[in-house]
Amino acid sequence: MKRIITVVTLLLSVAVVAACAPEVGSDAWCTAMENKPKGDWSGNEAKDYAKHCVFK
């Protein structure tokens with residue numbers, strides 16, 4: 001029982017942290033993308049960056 005509670009707590013913690021990602025197009029997201037190596041960007045991230053951060 002203790003193991004199940006530990007696993008559930010861990011999963012909830014991961015879900016909370018994942019929900020804290022900045023919204024696409026926000027200033028925080030643009031800053032995060034500027035700090036991320038360009039080689040690690042996906043095609044959608046590059047398109048969204050150009051749309052929301054370059055051509056505001």
Side-chain angles (χ1 to χ4, degrees):
M1 184 67 172
K2 189 175 185 179
R3 185 176 182 150
I4 293 172
I5 292 172
T6 303
V7 170
V8 169
T9 303
L10 179 63
L11 290 174
L12 288 173
S13 299
V14 169
V16 167
V17 171
C20 295
E23 182 180 347
V24 174
S26 68
D27 289 337
W29 183 82
C30 290
T31 301
M33 290 302 294
E34 289 169 2
N35 294 328
K36 185 176 179 180
K38 306 287 189 265
D40 292 343
W41 290 15
S42 69
N44 286 337
E45 286 175 330
K47 182 183 77 165
D48 288 337
Y49 180 81
K51 180 179 178 183
H52 296 289
C53 304
V54 176
F55 300 113
K56 278 188 174 180

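Owing to the predicted nature of the structure, the values given are computational and were not obtained by experimental measurement. Just the heavy atoms: all of them, side chains too, but no hydrogens, waters or symmetry mates, feed the values below. When a residue number appears, it is its place in the shown sequence, counting from 1.
- Listed by first and then second residue, the salt bridge (charged side-chain N to carboxylate O under 4.0 Å, His left out) pairs that reach into residues 1-12 come to none, sequence neighbours excluded.
- Sorted by first and then second residue, the pairs that involve residues 31-50 and meet ring-ring contact (aromatic ring centres under 6.0 Å, His included), not counting sequence neighbours, are Trp41-Tyr49.
- Here salt bridge (charged side-chain N to carboxylate O under 4.0 Å, His left out) pairs that include residues 40-51, with residues two or more places apart or in two chains, are Lys36-Glu45.
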Solution key, residues 22-31 side-chain donor-acceptor pairs under 3.5 Å, sequence neighbours excluded:
from, atom 1, to, atom 2, distance (Å)
Ser26, OG, Glu23, O, 2.8
Ser26, OG, Trp29, N, 3.2
Asp27, OD1, Lys56, NZ, 3.1
Thr31, OG1, Asp27, O, 3.0

